[in-house]
Chemist: 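The structure's right below; bear with me while I get my questions together.
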Amino acid sequence: MTPQFDLSFIQNNFPITGNYLGYTVKNDGHINATFVLHFEENGKKSDYTVQRINTNVFKDPDALMQNIVGVTSFLREKIAARGGDPDRETLCFLPAQDGKYYATDANGDCWRCYRYVDDVYTCNTIDSAEVFYNSGLAFGAFQKALADYPAETLAETIPNFHNTYSRFLDFETAVQENRSGRRDTVAAEIQFVRDREADTHVLLDLIEKRELPLRVTHNDTKLNNILFDSKTNQGICIIDLDTVMPGLSLYDFGDSIRFGANTASEDEKDLSKVSLSLPLYKAYIEGYLHTAKDSLWAREIEYLPFSAKLMTFECGMRFLTDYLNGDTYFKTEYPEHNLVRCRTQFTLVADMEKKMAEMQKITAEAAKA
Ligand code: GN1
Ligand code: MG
């Protein structure tokens with residue numbers, strides 16, 4: 001079912017002016033419902049992105065929006081100080097009538113609104129190593145820009161978000177409960193997860209031993225969360241800031257590879273098309289290290305290839321968990337959608353396991369450059 005928004009509610013609550021021309025639905029995200037609303041004023045077009053916040057996932061919209069407005073205000077100042085364009089290089093959220101950065105409608109749904117950035121494009125798959133190199137530059141720069149952000153002021157919008165062991169326990173609960181009745185049809189996938197339980201502890205143990213630092217990270221560094229400038233192909237703006245929280249640089253690096261260095265899309269049904277592209281891995285790591293290397297610890301660099309595998313595994317396990325629970329978390333377009341996604345992720349994990357030595361070699365070479 002296509003979700004809907006109420007135009008007059010949006011216009012009454014947010015400072016939008018101009019004549020309404022129409023809207024476009026954005027279907028890239030799996031969590032919030034997103035629309036771009038088109039307006040025109042004095043012959044000039046101005047667009048706004050309007051989102052219904054998924055409060056099933058983000059249970060405290062006040063804390064969520066405080067995080068986001070805190071981070072975007074901080075970034076605006078830095079961008080302006082270095083002579084950049086804050087209106088293009090970070091998101092600009094509009095305050096609602098009551099001064100909060102979201103408004104609640106009669107159904108209890110929470111809506112937010114931000115200026116749409118013009119002359120940009122997003123990607124769901126990538127075939128140009130150059131564009132992926134630019135993604136690495138952009139996410140590395142984002143992490144660096146937030147290095148001195150006061151992390152203690154950030155709320156944990158989703159507790160244990162990338163705690164892979166906690167995700168594993170959620171998975172085991174879902175297997176036990178079998179709420180969807182689908183358990184017997186996914187025995188191979190369940191075994192695939194159980195065979196890799198040991199991996200779920202690796203980064204957590206290193207945090208415990210203080211061998212990896214907590215940083216302010218994005219935590220959802222999918223390729224389609226970067227806006228690329230249509231003219232320069234540079235990644236100019238990082239979007240989807242819902243999960244900006246203290247985390248590991250490795251979560252961000254790993255998730256970028258999971259999504260962007262896959263030779264197929266996240267929900268490709270033909271698994272023979274799914275693999276890790278080593279040239280894309282190389283391009284991304286070169287871009288990422290170019291901007292982030294100076295701030296990284298040796299241990300972080302050492303675990304970059306492992307993090308790609310771990311984030312892919314964790315994501316596949318989350319899709320499988322949701323499939324077992326009856327599709328209550330991720331948006332799905334058809335009944336097997338979460339299972340299809342799970343299978344692409346596990347195919348990619350298996351391919352990374354085969355290519356791990358090569359990934360390590362590329363990593364060491366990129367770190368020396
Ligand atoms: C969700 O919102 P979106 O589609 O960028 C999810 C990520 C997953 C991703 C898988 C808050 O991200 O953690 O990696 O789907 N976001 C949340 O595509 O759970
Ligand atoms: Mg997201």
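Just so you know, ligand 1 is whichever comes first in the structure, and atom 1 is the first atom listed for that ligand.
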Chemist: Counting each atom of ligand 1 from 1 as listed, which ones have a heavy atom of E266 under 4.0 Å away?
Modeler: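 Close to E266: 10 (C), 18 (O).
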Chemist: For K78, enumerate each residue passing the side-chain hydrogen bond (donor to acceptor under 3.5 Å, both in side chains) test, keeping only those at least two apart in sequence or located in another chain.
Modeler: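 Applying side-chain hydrogen bond (donor to acceptor under 3.5 Å, both in side chains) to K78 gives D148.
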Chemist: Looking at ligand 1, would R341 count as a contact under a 4.0 Å heavy-atom criterion?
Modeler: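 Per 4.0 Å heavy-atom rule, R341 does not contact ligand 1.
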Chemist: State, without any angle test, whether Y102 and D62 hold a side-chain donor-acceptor pair at a distance under 3.5 Å.
Modeler: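 Looking only at side-chain atoms, D62 and Y102 do form a donor-acceptor pair, the distance falling under 3.5 Å.
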Chemist: Evaluate the ring planes of F330 and H30, with Trp represented by its six-membered ring, and classify them as parallel (under 30°), tilted (30 to 60°) or perpendicular (over 60°).
Modeler: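 Correct class here is perpendicular.
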Chemist: Relative to the ring of Y20, is the ring of F5 parallel (under 30°), tilted (30 to 60°) or perpendicular (over 60°)?
Modeler: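 Rings of F5 and Y20: perpendicular, over 60°.
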Chemist: Check if D242 has a non-hydrogen atom at a distance under 4.0 Å from any atom of ligand 1.
Modeler: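 It does not, in that no heavy atom of D242 comes within the 4.0 Å cut-off of ligand 1.
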Chemist: Determine whether the aromatic ring centres of residues Y114 and F93 are separated by less than 6.0 angstrom.
Modeler: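 Yes.
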Chemist: Considering distance alone, does some N or O of K222 sit under 3.5 Å from an N or O of ligand 1?
Modeler: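 In this structure, K222 places an N or O atom under 3.5 Å from an N or O of ligand 1.
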Chemist: Could you label the plane-to-plane angle of the Y133 and H290 rings as parallel, tilted or perpendicular, counting under 30° as parallel and over 60° as perpendicular?
Modeler: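 Correct class here is tilted.
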Chemist: Heavy-atom contacts under 4.0 Å between Y329 and ligand 1: side chain, backbone, both, or neither?
Modeler: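 Side chain only.
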Chemist: If we only consider heavy atoms of F319, is any one of them less than 4.0 Å away from an atom in ligand 1?
Modeler: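 Yes, F319 has heavy atoms under 4.0 Å from ligand 1.
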Chemist: Counting only nitrogen or oxygen atoms and a 3.5 angstrom limit, does R318 reach ligand 1?
Modeler: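 Yes - when backbone and side-chain N and O of R318 are compared with those of ligand 1, one distance drops under 3.5 Å.
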Chemist: Please determine if D28 has a nitrogen or oxygen closer than 3.5 Å to a nitrogen or oxygen of ligand 1.
Modeler: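 It does not: no N or O of D28 is found under 3.5 Å from an N or O of ligand 1.
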Chemist: Ligand 1 and T243, any nitrogen or oxygen pair closer than 3.5 angstrom?
Modeler: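 N/O-N/O distance under 3.5 Å: no.
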Chemist: Distance under 4.0 Å to a non-hydrogen atom of F58: what atoms of ligand 1 satisfy this?
Modeler: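 The atoms of ligand 1 under 4.0 Å from a heavy atom of F58 are 11 (C).
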Chemist: Among pairs that include at least one residue of residues 197-220, which meet ring pair (Phe, Tyr, Trp, His ring centres under 6.0 Å), considering only residues two or more places apart or in two chains?
Modeler: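 Residue pairs passing ring pair (Phe, Tyr, Trp, His ring centres under 6.0 Å), neighbours aside: F139-H218, F142-H218, Y165-H201.
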